[in-house]
Structure formats: structure tokens, C-alpha cells
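Below: one structure, written as C-alpha cells.
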Amino acid sequence: MEPRNITGVSQFLLMGFSEETELQPLIFGLFLSMYLITVFGNLLIILAVSSDPHLHTPMYFFLSNLSFVDICFTSTTIPKMLVNIQTENKVITYEGCIIQMHFFTLFIGLDIFLLTVMAYDRFVAICHPLHYMVIMNPHLCGVLVLVSWIMSALHSLLESLMVLRLSFCTDLHIPHFFCELNQMIQLACSDVYLNKVVIYTVAVLLGGAPFAGILYTYSKIVSSIHRISSAQGKYKAFSTCASHLYMVSLFYCTGIGVYLSSAASHSSHSSATASVMYTVVTPMLNPFIYSLRNNELKRSLKILFGKKTIKEPIVLGLKKCPQQ
């Protein structure tokens with residue numbers, strides 16, 4: 001019996017990673033731990049940057065925005081999955097599924113744009129150091145973040161509207177732990193040709209173009225570092241962008257790996273497992289990548305926890321009393 005086409009869908013079923021009852025406590029504990037580490041780690045980055053005037057620079061401004069987006073990014077998927085495991089209920093409403101898909105698309109787009117903006121920031125800092133504060137002024141930094149939000153919001157709105165026009169079959173089982181766009185389209189009974197055209201076009205424009213921009217900026221950065229004569233100068237220049245380079249590599253490599261693995265295996269459960277890398281693991285590792293390699297951020301975190309000792313001499317402004 002073929003699945004019927006129905007338009008009044010009220011709910012979907014998120015199948016998650018495994019239906020084995022014995023594994024549910026392990027999956028719950030693992031993802032709860034990763035979620036708490038992600039939220040706590042990225043929240044520390046935001047607090048450290050906002051509380052330390054020395055970190056009120058473009059690089060840390062973009063980093064704090066990325067940390068905020070990463071918190072939101074994981075919060076769109078993991079809490080719902082944890083609730084489903086705890087209540088042993090896999091149901092998500094049609095409206096909830098569309099909202100989850102919308103915000104997931106929004107925040108993954110913001111991740112891409114912010115990583116691109118941060119690459120441009122490092123390009124200006126290394127290739128044009130004398131004009132860095134003039135070029136990367138507060139107005140431009142605000143505009144870059146605002147444009148990133150607007151473009152991501154328009155993209156997620158477009159994808160959501162394209163899904164809303166679809167009708168779905170009676171088989172409403174999503175073999176994933178969240179409402180992923182491709183999985184939603186595969187469940188549709190109506191024509192999805194236009195949806196696929198939009199997805200591939202947007203992937204090239206909003207995925208490929210920023211990635212090409214990042215590659216271009218780093219080609220210029222490597223060229224500038226190569227022209228530095230001293231080894232110490234080269235190391236100092238490279239260290240300023242090493243953390244960002246690790247973040248970009250982790251994000252894009254895991255994202256590309258997910259789609260390659262899903263295309264090779266043709267298994268939705270394999271795709272769900274692989275997608276954990278860029279939906280959970282990458283946001284969790286970002287605070288560690290930046291804080292462990294950044295002395296300024298480590299100093300600020302020590303101040304935040306009250307562990308910073310004062311090493312400078314204290315000068316008291318005492319006046320000499322007049323002799324009587």
C-alpha cells in the first residue's frame with residue numbers, strides 16, 4: 001500500500017539514533033553533558049569579552065556573537081531530543097517541526113557568515129595592521145553582524161515557506177533527531193523539484209561563496225606571513241588567526257563529511273549520527289579552541305573567576321604633610 005497524500009498534517013515522529021531502550025539513558029546522559037558544556041563554555045566566552053575592556057576589539061566582538069549563535073544553534077535541537085528521550089515520546093507537532101527547521105537553518109547560516117566575517121577581520125589585522133582600527137571600526141563591525149543576521153533570516157524564511165507549500169504522506173517518521181530540511185522534503189508527496197533547486201542554489205551562493213572568500217583571505221594572509229623576515233614575527237602573526245583557522249576547518253570538514261557519508265551510505269540513521277559532529281561537537285569545541293590558545297582570553301577568564309593576582313606595584317598617591 002502506497003502512502004497517501006495528506007495536507008492536514010498535525011505531527012511528525014523524530015526517530016532519533018536508536019530505538020533500543022537500553023541505549024536511551026546513555027544517549028540522554030551523553031547529549032545532556034555535551035549540551036551543558038556547550039552552553040556553559042560559550043556563555044563564559046560572552047561574559048569574559050563583555051566584562052573585560054581589553055577585549056572590546058573587533059575580533060572578540062565577532063567571537064562573542066559566534067558564541068551566542070552556537071548556544072542558540074544547539075538549543076534548537078538538543079533540548080527537544082532530551083525531552084523526547086525522557087518522556088519516551090517521539091512526537092513533534094507540525095508547527096514545532098517547521099519552527100525548529102527555521103531556526104536551525106537561521107543559526108547554521110549565521111555560523112557560516114560569522115566565520116567569514118572573522119576571516120576578513122584576521123585578513124585586515126595581518127595584511128593591513130596599521131589601518132586595522134580605522135578599517136574595522138565599530139560601525140563596520142555592527143553592519144557586518146547585522147547583514148549576517150538579515151541574510152540568514154531571509155534564507156531561513158525562504159526555506160520555511162518552500163516547505164509550507166508541500167503536502168506530506170501518511171509515513172511521517174523522520175529518521176533523525178531533529179527536523180532537518182532534507183528529511184522533511186523526502187517525506188513530501190507533492191512535487192519537490194522547486195525545493196531542491198532552491199536548496200542547491202542557496203548552497204552554492206550562501207555556502208560556497210563564503211567558503212571561497214575564506215580561502216581567498218587566507219591565501220592573502222599566508223602570503224603576508226611569508227614576507228615577514230623573522231621567525232618570531234611569523235609565529236606571532238600566525239598565532240592570531242590559528243584558532244579561527246581551526247574553527248573553520250572543523251566546521252566545514254564535519255559539514256562536508258556528513259553529506260559525503262550520507263551520500264555514500266544512503267542511510268538516514270548514519271546521516272543523523274554524522275550530523276552530530278557539526279550540530280553538537282563543533283559548537284562544544286569552539287570555546288576550548290579559542291580559550292586554550294589565547295592568553296588574553298585566559299587572563300580575562302581568570303579575572304572573571306577572581307583568580308588573577310596583582311603583579312604590578314601599587315602606587316599610593318600620598319601627600320607629604322607640611323611641617324609645623
Side-chain angles (χ1 to χ4, degrees), residues 42 45-46 49 55-70 72-73 106-152 155 202-228 233-257 277-278 281-294 296-297:
N42 284 286
I45 298 290
I46 296 172
V49 172
L55 300 184
H56 292 175
T57 62
M59 181 179 77
Y60 293 108
F61 171 70
F62 296 133
L63 177 61
S64 60
N65 276 272
L66 182 67
S67 294
F68 172 74
V69 169
D70 280 342
C72 298
F73 184 36
L106 169 68
F107 292 122
I108 197 171
L110 273 168
D111 255 353
I112 293 172
F113 286 125
L114 286 175
L115 287 173
T116 307
V117 169
M118 292 170 75
Y120 175 71
D121 172 71
R122 293 299 84 206
F123 162 74
V124 177
I126 294 174
C127 299
H128 305 282
L130 299 179
H131 303 92
Y132 175 67
M133 295 309 297
V134 177
I135 297 174
M136 300 302 297
N137 57 76
H139 176 72
L140 178 63
C141 293
V143 169
L144 289 173
V145 172
L146 179 62
V147 170
S148 298
W149 274 92
I150 292 173
M151 293 184 67
S152 299
H155 168 225
V202 168
V204 172
L205 294 178
L206 301 187
F211 184 62
I214 291 173
L215 291 178
Y216 175 77
T217 56
Y218 271 102
S219 68
K220 292 294 184 180
I221 289 172
V222 170
S223 178
S224 296
I225 293 176
H226 183 70
R227 289 196 295 266
I228 299 175
K234 289 182 179 180
Y235 175 78
K236 185 177 180 181
F238 177 75
S239 63
T240 61
C241 59
S243 296
H244 175 260
L245 187 58
Y246 291 146
M247 290 167 63
V248 170
S249 302
L250 186 64
F251 181 82
Y252 276 98
C253 288
T254 53
I256 293 172
M277 289 301 297
Y278 77 94
V281 176
T282 300
M284 181 183 68
L285 292 180
N286 282 348
F288 295 100
I289 292 173
Y290 251 95
S291 60
L292 293 177
R293 295 187 55 86
N294 192 302
E296 291 181 333
L297 200 52

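Computed from a predicted structure; not experimentally measured.
- To the nearest 0.5 angstrom, L114 atom CG is 11.5 Å from D121 atom CG.
- The side-chain heavy atoms of R227 and S224, taken from C-beta on, include a pair separated by under 4.5 Å.
- By the 4.5 Å heavy-atom criterion applied to side chains, D111 and T282 are not counted as neighbours.
- Ring-centre distance between H244 and F123: not below the 6.0 Å cut-off.
- At least one donor-acceptor pair under 3.5 Å links the side chain of N42 to the backbone N or O of P283.
- Counting heavy atoms from C-beta on, the side chains of T240 and M59 never come closer than 4.5 Å.
- A heavy-atom distance below 4.5 Å is not found between the side chains of P58 and Y120.
- Checked against F61 for a side-chain contact (heavy atoms from CB on, under 4.5 Å), the options V49, L55, V145 give a single hit: V145.
- Side chain of S152 to backbone of W149: no donor-acceptor contact under 3.5 angstrom is found.
- At least one donor-acceptor pair closer than 3.5 Å links the side chain of N137 to the backbone N or O of I135.
- To the nearest 0.5 Å, atom CG of residue L63 and atom OG of residue S243 are 9.0 Å apart.
- Judged by distance alone, the side chain of S219 and the main-chain N or O of Y216 form a donor-acceptor pair under 3.5 Å.
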Exercise. In sequence, state the C-alpha distance, the side-chain angles, and the governing distance for L206 and I112, and then conclude on side-chain contact (heavy atoms from CB on, under 4.5 Å).
Key: CA-CA 8 Å; L206 301 187; I112 293 172; over 6 Å; no
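- Summarising the local packing, OH of Y132 is surrounded by more than 12 heavy atoms from other residues, nucleotides or ligands at distances under 6.0 Å.
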Practice problem: Any chance you could lay out the side-chain contact (heavy atoms from CB on, under 4.5 Å) test for L144 and M136, step after step, and finish with the verdict? | Solution: CA-CA 10 Å; L144 289 173; M136 300 302 297; 4.2 Å; yes
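- Atoms CG and CG, from D70 and N65 in turn, are 11.0 Å apart once rounded to the nearest 0.5 Å.
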